[in-house]
Amino acid sequence: MALLQISEPGMATAPHQHRLAVGIDLGTTNSLVATVRNAVAETLPDQDGQHLLPSVVQYKKDGVTVGQAASEAAREDPLNTLSSVKRLIGRSVDDLKLVAGHLPWKFAGTNSAVPRIKTIAGEVTPIETSAEILKVLKQRAEETLGGELSGVVITVPAYFDEAQRQATKDAATLADLNVYRLLNEPTAAAIAYGLDQGREGVIAVYDLGGGTFDISILRLNKGVFEVLATGGDSALGGDDFDQAIAQWILTESGTEAAADDYCFMRGLMQLARDSKEKLTESETASIDLVLPDGSSWQGELSRDQFDQLIEAFVKNTILASRRALRDAGVKKEDVLEVIMVGGSTRVPLVREKVAEFFGREPHVEIDPDKVVAIGAALQADVLAGNKPDDETLLLDVIPLSLGIETMGGLVEKIITRNTTIPVARAQEFTTHKDGQSAIAIHVLQGERELVDDSRSLARFELRGIPPMVAGAPRIEVKFQVDADGLLNVSAEETSSGVQASVEVKPSYGLSDEEIEAMLRASMDHATEDMQARALREQEVEAYRVIEALDAAMEADADDLLNEEEKQAILTARDHLQELVCEHSEMNAIKAAIKNLEKASESYVARRMNLSVKQAMTGHKVDEFEKL
C-alpha cells in the first residue's frame with residue numbers, strides 16, 4: 001500500500017516562516033480550538049479562561065449570540081436557541097426522523113431539501129449555525145495568536161458521510177476559514193497520543209461525545225497512522241443519556257403532559273445534564289424540579305438507576321466496537337491500547353463496559369474533551385509547513401462504500417468502506433440498448449445492495465456516445481476521493497474520448513451561489529453584527545452584576561444597610577434590569593452598571609470589613625504578620 005505524506009496544503013514559502021494554524025474540534029455539545037506554540041499543542045481559552053465553547057447559538061432580531069451566554073438563554077428562548085445542530089448538518093429534511101433526541105424547533109415547510117429552522121432572525125440552516133460557532137473560535141484564535149490564520153484542520157466524526165463532510169466544509173467557508181483538511185476525530189486523538197507517547201501497535205479509539213459515537217481501529221508504527229476500520233453511530237451520544245434521565249424525571253414526577261412545553265423541557269434537559277455530571281463523582285443525585293404550574297418536585301436518582309437507563313445505549317457502542325474489530329481483521333487480544341475521547345466517556349458505566357470488553361483499562365491521560373482538538377492542532381502545524389522535516393504519515397479511510405446505480409436498481413460498489421484515502425478507483429461499464437448515445441450516472445453511498453436503501457449523492461449524464469450496438473461502448477467511471485474524504489466522479493467513453501464529471505455536492509448541502517450570498521450578507525451586516533455582539537456582551541455583564549448583588553443582599557443586607565440605603569441600591573438595580581430586558585443601547589446599560597456599583601460602594605466596603613473582622617476574630621495581629 002502506498003503511503004502519503006500529507007504536507008503540501010500550506011507549505012511555507014520561506015524556510016523559517018511560521019504560519020498561524022489551528023485545529024478545531026467542532027463538537028455537538030462543546031467546541032474547542034487548539035494550536036501548537038513552542039512545540040506544545042494546547043487548547044486556547046476565551047477571555048474568561050474557558051476552553052470549552054458550548055455549541056449553542058441564539059438568534060435575535062439584532063444579532064447572534066454564541067456559547068455560554070446563548071446556553072444560558074436556552075430556557076427562556078428555546079425556539080431561537082439552537083444546540084446540537086451537528087446532528088442535523090448535512091442531513092436532508094427526510095433524515096430528520098432518524099435523528100435521536102428532542103428537537104424543539106420549528107422547521108420551515110419549504111421545497112428546499114436542506115432543513116431550515118424558523119427563528120426570530122429568519123430561517124437558518126444547520127450549516128449557517130455551525131458557521132457562527134466557527135466564527136467565534138476563529139476570532140478567539142486570531143486574538144490570542146495576534147495574527148490572521150493561514151489555515152485550519154477541522155475534525156469530523158469518522159462515520160460522517162459525504163454530505164455531512166461537505167456541509168462541514170460549507171460552514172467553514174461561511175466562517176471565512178481556509179480548511180487544510182477535514183480529519184476524523186478518532187484519528188486526531190491517535191495523533192495526540194501517538195506523537196506524545198510514541199505508542200506502536202493496534203489501538204482502539206472509543207469516541208463518545210454529546211451527539212455522536214465513533215469507534216476506530218488504528219495501527220500505529222514508527223509515525224505511520226493507518227485507520228484499519230471505523231464504525232459508530234452519528235446520532236448517539238451523551239444527549240441521549242440526558243434524554244433518558246429527563247424521561248425518567250417526567251415519569252416519576254407525573255408530568256409527561258408537559259413534554260410539549262418548550263421552556264419547561266429546556267430547563268428539564270439542563271437539570272438532567274447536571275444530574276448526569278453529579279453521578280460521575282457521586283452515587284446519588286438530588287433533583288429539584290420546578291413544575292409548569294410553579295410547584296416543585298423533589299426526587300433522587302442513584303447511579304444504579306442511571307446505569308439501567310443508559311445500559312442499552314452503552315451496549316450499542318460495544319456492538320459497534322465488535323463490528324469494527326471484525327472489519328479490521330483483528331481480535332480484541334490484538335488491541336494494545338484503548339483511547340477514550342469525548343466528554344461522555346467520563347460516565348463510570350461507559351469506562352467499566354469498555355474496559356470489560358477490551359480486557360484492559362482505557363487511557364484517559366489527556367483530557368477527553370481536549371484530545372481531539374490537540375491532535376487536530378498537531379496536524380494543522382504540519383500542514384501549515386511549520387515542521388518541514390516531520391515524517392508523520394496519516395492514512396484515513398472511507399467510512400461508507402461508494403458506487404453507482406446499475407440496471408435493476410442495484411448498486412455497484414466501486415470503492416468499498418474502510419478503503420484508505422486519498423484513493424482513485426475506476427471500473428468499466430457499457431450500454432444496454434442499441435444506438436444509445438447517452439448514459440445517466442447515479443452516484444450512491446451505503447452498504448446495502450439496492451438503490452432504494454442507499455443514499456443518493458449526485459446525478460450527471462455522459463452524452464455524445466457514438467451509436468453502437470448494446471454492449472460495444474466502453475465507459476470508464478472513475479471515483480477519486482481526496483484527503484478530506486470528498487468525492488469527484490468522472491466518466492469517459494474510451495473509443496471517442498467524450499467525458500463528463502461531477503464534484504459531489506449533495507442536494508442538501510449549499511450551492512456556491514448560496515454560500516456567496518451568505519458571505520455577501522455577512523459583510524453587508526458586519527457593523528450591525530459587531531454592535532449587536534457588543535450589546536449582548538454588556539447585557540451578560542449586567543446579568544452577572546445583578547446576580548452577585550442579589551446573592552449578597554439576600555445574605556446580609558438587613559444587617560448592613562438601613563432602609564434608605566437598601567432602597568437606593570434596589571432602585572439602581574431595577575433600572576439596570578429594565579434596560580437589559582428592553583435591550584437598550586449598550587452605553588446606557590454600561591452607565592447603569594456603573595451607577596449601581598456607585599450606589600453599592602459603601603455596602604461593599606462594609607461587607608469587606610465584616611469579612612476581615614470575622615477572619616481576625618480569635619487571632620492576634622502578630623499572627624498575621626508572621627504569615
S.K.: Can you name the nearest heavy-atom pair linking Ala175 to Ala131, along with the distance?
M.R.: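 Between these two residues, the closest heavy atoms are CB-O, 3.7 Å.
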
S.K.: If we only count heavy atoms from C-beta on, is the Val33 to Thr43 side-chain gap below 4.5 Å?
M.R.: no

S.K.: How about Thr125 and Ile117: do any of their side-chain heavy atoms sit closer than 4.5 Å?
M.R.: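 Not touching, per the 4.5 Å side-chain cut-off.
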
S.K.: Looking only at non-hydrogen atoms, find the nearest pair between Ser130 and Val85 and report the distance.
M.R.: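 Minimum heavy-atom separation between Ser130 and Val85: OG-CG2, 4.0 Å.
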
S.K.: Could you state the interatomic distance from CD (Glu277) to OG1 (Thr280), rounded to the nearest 0.5 Å?
M.R.: 7.0 Å

S.K.: To the nearest 0.5 Å, what is the distance between CG on Leu44 and OG1 on Thr35?
M.R.: 6.0 Å

S.K.: Taking 4.0 angstrom as the limit, do Glu597 and Lys594 come out as a salt bridge?
M.R.: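 No, Glu597 and Lys594 are not salt-bridged.
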
S.K.: Does the side chain of Glu185 pick up a donor-acceptor pair with the side chain of Thr187 at under 3.5 Å?
M.R.: no

S.K.: Take the angle between the ring planes of Phe313 and Phe241 and call it parallel below 30°, perpendicular above 60°, tilted in between.
M.R.: tilted

S.K.: Minimum heavy-atom separation for Met340 and Pro368, please, with both atom names.
M.R.: O-CB, 4.0 Å

S.K.: Test side chain to side chain contact (heavy atoms under 4.5 Å, CB included) on Leu79 and Thr119; report intermediate values, then the result.
M.R.: CA-CA 7 Å; Leu79 294 181; Thr119 73; over 6 Å; no

S.K.: With sequence neighbours left out, write down each residue that passes side chain to side chain donor-acceptor pair (under 3.5 Å) with Asp550, or none if nothing qualifies.
M.R.: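 By the side chain to side chain donor-acceptor pair (under 3.5 Å) rule, Asp550 matches Arg573.
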
S.K.: Is there a donor-acceptor pair closer than 3.5 Å between any side-chain N or O of Ser344 and the backbone N or O of Gly209?
M.R.: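 Pair found, side chain donor or acceptor close to backbone of Gly209.
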
S.K.: Quick one: closest heavy-atom pair of Ile215 and Ala320, and the distance?
M.R.: CG2-O, 3.7 Å

S.K.: Could you grab the distance from atom CZ of Arg19 to atom CG of Leu383, nearest 0.5 Å is fine?
M.R.: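 Separation between the atoms: 11.5 Å.
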
S.K.: Starting from the C-alpha separation in whole Å, work towards a yes-or-no answer on side chain to side chain contact (heavy atoms under 4.5 Å, CB included) for Trp297 and Asp288.
M.R.: CA-CA 6 Å; Trp297 175 86; Asp288 192 349; over 6 Å; no

S.K.: Keeping Ser253 on the side-chain end and Ile249 on the backbone end, is there a donor-acceptor pair under 3.5 Å?
M.R.: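 Yes; at least one donor-acceptor contact below 3.5 Å.
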
S.K.: For Leu26 and Thr155, run side chain to side chain contact (heavy atoms under 4.5 Å, CB included): C-alpha distance rounded to whole Å, both residues' side-chain angles, the deciding distance at 0.1 Å, then the answer.
M.R.: CA-CA 6 Å; Leu26 182 60; Thr155 60; 5.7 Å; no

S.K.: Flag the pair Asp214 / Val205 as yes when at least one side-chain heavy-atom distance between them is below 4.5 Å, and no otherwise.
M.R.: no

S.K.: Are any of the side-chain nitrogens in Lys60 or Glu539 under 4.0 Å away from the carboxylate oxygens of its partner?
M.R.: yes

S.K.: Judged by modelled atom types alone, do Ser55 and Ser31 share a side-chain donor-acceptor pair under 3.5 Å?
M.R.: yes

S.K.: Would Asp367 and Arg346 satisfy salt bridge (charged side-chain N to carboxylate O under 4.0 Å, His left out), going step by step from the backbone distance to the final call?
M.R.: CA-CA 10 Å; Asp367 187 331; Arg346 290 189 174 92; 2.9 Å; yes

S.K.: Any chance you could lay out the side chain to side chain donor-acceptor pair (under 3.5 Å) test for Tyr206 and Ser216, step after step, and finish with the verdict?
M.R.: CA-CA 7 Å; Tyr206 180 101; Ser216 287; over 6 Å; no

S.K.: Could you tell me whether Glu547 and Arg544 make a salt bridge, using a distance below 4.0 angstrom between a side-chain N and a carboxylate O?
M.R.: no

S.K.: By side chain to side chain donor-acceptor pair (under 3.5 Å), which residues pair with Gln247, not counting sequence neighbours?
M.R.: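 With neighbours one apart ignored, the set is empty.
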
S.K.: When rounded to the nearest 0.5 angstrom, what distance separates CG in Asp242 from CG in Leu271?
M.R.: 10.5 Å

S.K.: Do Pro157 and Lys86 have side chains that get closer than 4.5 Å, going by heavy atoms?
M.R.: yes

S.K.: Any heavy-atom pair between the side chains of Val57 and Val124 that's under 4.5 Å?
M.R.: no

S.K.: What residues form a side chain to side chain contact (heavy atoms under 4.5 Å, CB included) with Leu20, not counting sequence neighbours?
M.R.: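 Listed in chain order: His18, Leu145, Leu149.
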
S.K.: Do Leu570 and His575 come close enough that some side-chain heavy atom pair is under 4.5 Å?
M.R.: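 Contact flag for Leu570/His575 side chains = no.
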
S.K.: Can you list the steps and then say if Ile133 with Leu53 is a side chain to side chain contact (heavy atoms under 4.5 Å, CB included)?
M.R.: CA-CA 8 Å; Ile133 299 169; Leu53 174 73; 4.0 Å; yes

S.K.: Do you know the tightest heavy-atom contact between Ser275 and Ile287?
M.R.: OG-CG1, 3.7 Å

S.K.: Does any non-hydrogen side-chain atom of Thr168 lie less than 4.5 Å from one of Leu182?
M.R.: yes

S.K.: Can Asn80 and Gln58 be said to form a side chain to side chain donor-acceptor pair (under 3.5 Å), step by step?
M.R.: CA-CA 6 Å; Asn80 298 304; Gln58 181 192 18; over 6 Å; no

S.K.: Are Asp240 and Arg87 within salt-bridge range, i.e. N to O under 4.0 Å?
M.R.: yes

S.K.: Could you grab the distance from atom OG1 of Thr230 to atom CG of Asp207, nearest 0.5 Å is fine?
M.R.: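 Reported to 0.5 Å precision, the distance equals 12.0 Å.
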
S.K.: So with a 6.0 Å cut-off around CD of Gln298, is the heavy-atom count from everything else above 12?
M.R.: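 Enclosed: over 12 neighbouring heavy atoms sit under 6.0 Å from CD of Gln298.
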
S.K.: Any donor and acceptor pair, going by atom type alone, linking the side chain of Lys138 with main-chain N or O of Asp176 inside 3.5 Å?
M.R.: yes

S.K.: Kindly say whether Thr81 contributes a backbone atom to a donor-acceptor pair with the side chain of Asp77 at under 3.5 angstrom?
M.R.: no

S.K.: Let me confirm one number: the OG1-CG distance from Thr144 to Asp46, rounded to the nearest 0.5 Å.
M.R.: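 Answer for the OG1-CG pair, Thr144 versus Asp46, is 9.0 Å.
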
S.K.: Measure the shortest side-chain to side-chain distance between Leu576 and Ile593 over non-hydrogen atoms and say whether it is less than 4.5 angstrom.
M.R.: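 Answer yes - side chains close enough.
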
S.K.: Inspect the surroundings of CD in Glu148 and state if more than 12 heavy atoms from other residues, nucleotides or ligands are less than 6.0 Å away.
M.R.: no

S.K.: Nearest heavy-atom pair of Pro126 and Leu88: which atoms, and what distance?
M.R.: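 Result for this residue pair: CG-CB, 3.6 Å.
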
S.K.: May I ask you to decide if Leu52's main-chain N or O and Gln50's side chain share a donor-acceptor pair within less than 3.5 Å?
M.R.: no

S.K.: Is the backbone N or O of Leu32 less than 3.5 Å from a side-chain atom of Asp25, with the two atoms forming a donor-acceptor pair by type?
M.R.: no

S.K.: If only side-chain N and O atoms count, and only distance matters, is there a donor-acceptor pair under 3.5 Å linking Gln243 with Asp239?
M.R.: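 Distance-only check fails for Asp239 and Gln243.
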
S.K.: Going by atom types alone, do Tyr59 and Thr65 pair a side-chain donor with an acceptor below 3.5 Å?
M.R.: no

